[in-house]
Amino acid sequence: MSHLEEVVLDLERHAAQQGWDAAPKLYALVFGSEIRTTEPELAAELGLAEGSDKGETLAALEQPELPAQASVEDALATIAWPDAVAGCALVIERVVLPPEAEEEIPADPEQAAAFAADHPAREDVRMIVGVLRDGERHSALRLRRHDLEDEVLVGPDLVPALADALAATLEPDVPAEQA
């Protein structure tokens with residue numbers, strides 16, 4: 001199992017312990033060797049000090065809450081990580097409706113949210129998506145109606161659009177050329 005797979009599964013278990021109806025949580029993924037070099041006190045606090053038996057590991061460092069007034073996608077579009085960050089992960093819950101309900105969804109965002117919340121075929125889903133700068137991706141999905149650890153779906157491409165949005169936060173900012 002890769003470091004990223006371990007982190008995504010750890011974040012999934014942590015989110016499951018916290019329960020449902022949680023706000024989205026964004027994490028910076030940083031290798032233990034980087035934390036030991038740049039933040040030795042934090043490394044010691046996390047049990048990553050030199051000589052620890054953990055070897056190289058990938059730590060998930062929770063970030064401040066995403067802005068409430070912006071959509072998650074819009075908030076991600078404003079994020080750029082420093083080079084020390086090897087990747088990032090997001091834990092988010094969404095309501096999913098069956099395809100046949102799409103035509104009935106109101107255009108107004110508030111009405112659409114109410115429609116989805118009250119729809120009898122709605123499915124609450126918790127998604128954990130992690131990406132690394134090297135292109136590795138991993139995801140975990142838990143359905144509220146199948147809220148069991150052995151029914152968590154895992155794989156690299158379960159939520160490709162969200163993985164793409166997270167990967168974009170890791171791309172270097174290139175200033176626009178002056179005309």
Side-chain angles (χ1 to χ4, degrees), residues 1-32 35 42-43 45-48 52-68 70-76 79 81 85-99 101 112-170:
M1 184 179 299
S2 75
H3 292 304
L4 182 60
E5 290 172 307
E6 287 179 28
V7 165
V8 166
L9 292 176
D10 284 347
L11 290 173
E12 196 290 320
R13 285 188 288 271
H14 179 71
Q17 290 173 347
Q18 301 293 312
W20 287 89
D21 303 318
K25 292 184 181 173
L26 182 65
Y27 295 85
L29 304 180
V30 183
F31 282 106
I35 297 172
L42 177 60
E45 189 177 318
L46 295 174
L48 302 173
S52 72
D53 61 352
K54 289 192 176 183
E56 184 60 286
T57 188
L58 192 59
L61 306 176
E62 188 173 344
Q63 301 301 295
E65 281 189 32
L66 295 171
S71 71
V72 170
E73 294 79 6
D74 289 344
L76 289 176
I79 294 173
W81 299 101
V85 173
C88 58
L90 181 70
V91 178
I92 189 169
E93 296 175 13
R94 287 289 191 239
V95 172
V96 178
L97 297 176
F115 174 83
D118 295 335
H119 197 282
R122 73 178 268 167
E123 183 69 63
D124 293 336
V125 179
R126 182 182 304 119
M127 302 175 276
I128 299 85
V129 179
V131 298
L132 294 179
R133 286 187 190 275
D134 68 7
E136 184 181 356
R137 298 171 174 212
H138 197 68
S139 309
L141 297 176
R142 183 184 290 243
L143 304 175
R144 190 176 218 160
R145 69 182 163 104
H146 294 280
D147 199 1
L148 301 168
E149 191 167 330
D150 65 346
E151 293 198 28
V152 173
L153 304 170
V154 294
D157 295 315
L158 298 178
V159 193
L162 188 51
D164 289 344
L166 287 169
T169 69
L170 297 166

So, taking the atom named CG in D147 and the one named CZ in R142, what distance separates them when rounded to the nearest 0.5 Å?
5.0 Å

Of all heavy-atom pairs between V125 and W20, which one has the smallest distance, and what is that distance?
C-CZ3, 3.9 Å

Return the CZ to CZ distance between R94 and R126, rounded to the nearest 0.5 Å.
13.5 Å

Between L61 and I35, which heavy-atom pair has the shortest distance, and what is it?
CD1-CD1, 4.4 Å

How would you list, by chain and number, every residue that makes a side chain to side chain contact (heavy atoms under 4.5 Å, CB included) with P24, sequence neighbours excluded?
L66, V72, L90, I92

Any idea which heavy atoms bring E12 and A140 closest together, and the distance?
CG-CB, 4.0 Å

By side chain to side chain contact (heavy atoms under 4.5 Å, CB included), A23 pairs with (sequence neighbours left out) none

Can you name the nearest heavy-atom pair linking T169 to L76, along with the distance?
CG2-O, 3.3 Å

Please evaluate residues S139 and V8 with respect to the criterion side-chain contact (heavy atoms from CB on, under 4.5 Å), reporting the C-alpha separation (whole Å), side-chain torsions for both, the decisive distance (0.1 Å), and the verdict.
CA-CA 7 Å; S139 309; V8 166; 5.7 Å; no

Between R133 and V85 (side chain of the first, backbone of the second, donor and acceptor by atom type, cut-off under 3.5 Å), is there such a pair?
yes

Cut-off 3.5 Å, no hydrogens considered: what does the side-chain donor-acceptor table look like for residues 116-123, sequence neighbours left out?
from : atom 1 : to   : atom 2 : distance (Å)
H119 : ND1    : A121 : N      : 3.0
R122 : NE     : D124 : OD1    : 3.1
R122 : NH1    : A117 : O      : 2.7
R122 : NH2    : D124 : OD1    : 2.4
R122 : NH2    : D124 : OD2    : 3.2
E123 : OE1    : R145 : NE     : 2.2
E123 : OE1    : R145 : NH2    : 3.1
E123 : OE2    : R145 : NE     : 3.4

When you measure from the side chain of R13 to the backbone of E149, do you find a donor-acceptor pair of N or O atoms at a distance under 3.5 Å?
no

Looking only at heavy atoms, what is the nearest atom pair of R137 and A167, with distance?
NH2-CB, 3.8 Å

For the pair E56 (side chain) and G32 (backbone), establish whether a donor and an acceptor sit closer than 3.5 Å, ignoring hydrogens and angles.
yes

Within this structure, what is the CG-CG distance for the pair L4 and L9, rounded to the nearest 0.5 Å?
9.5 Å

CG-CD1 distance between L158 and I128, expressed to the nearest 0.5 angstrom:
10.5 Å

The criterion is side chain to side chain contact (heavy atoms under 4.5 Å, CB included); which residues satisfy it with A60, sequence neighbours excluded?
V7, L11, Y27, L29

Rounded distance (nearest 0.5 Å) linking atom CZ of R144 with atom CD of E93
6.5 Å

Any residue meeting side chain to side chain contact (heavy atoms under 4.5 Å, CB included) with E5, in chain and number order, not counting sequence neighbours
M1, S2, H138

Looking at every non-hydrogen atom in both residues, tell me the closest pair between W81 and L26 and how far apart they are.
CZ2-CD2, 3.8 Å

Across all chains, not counting sequence neighbours, the side chain to side chain donor-acceptor pair (under 3.5 Å) partners of H146 are E151

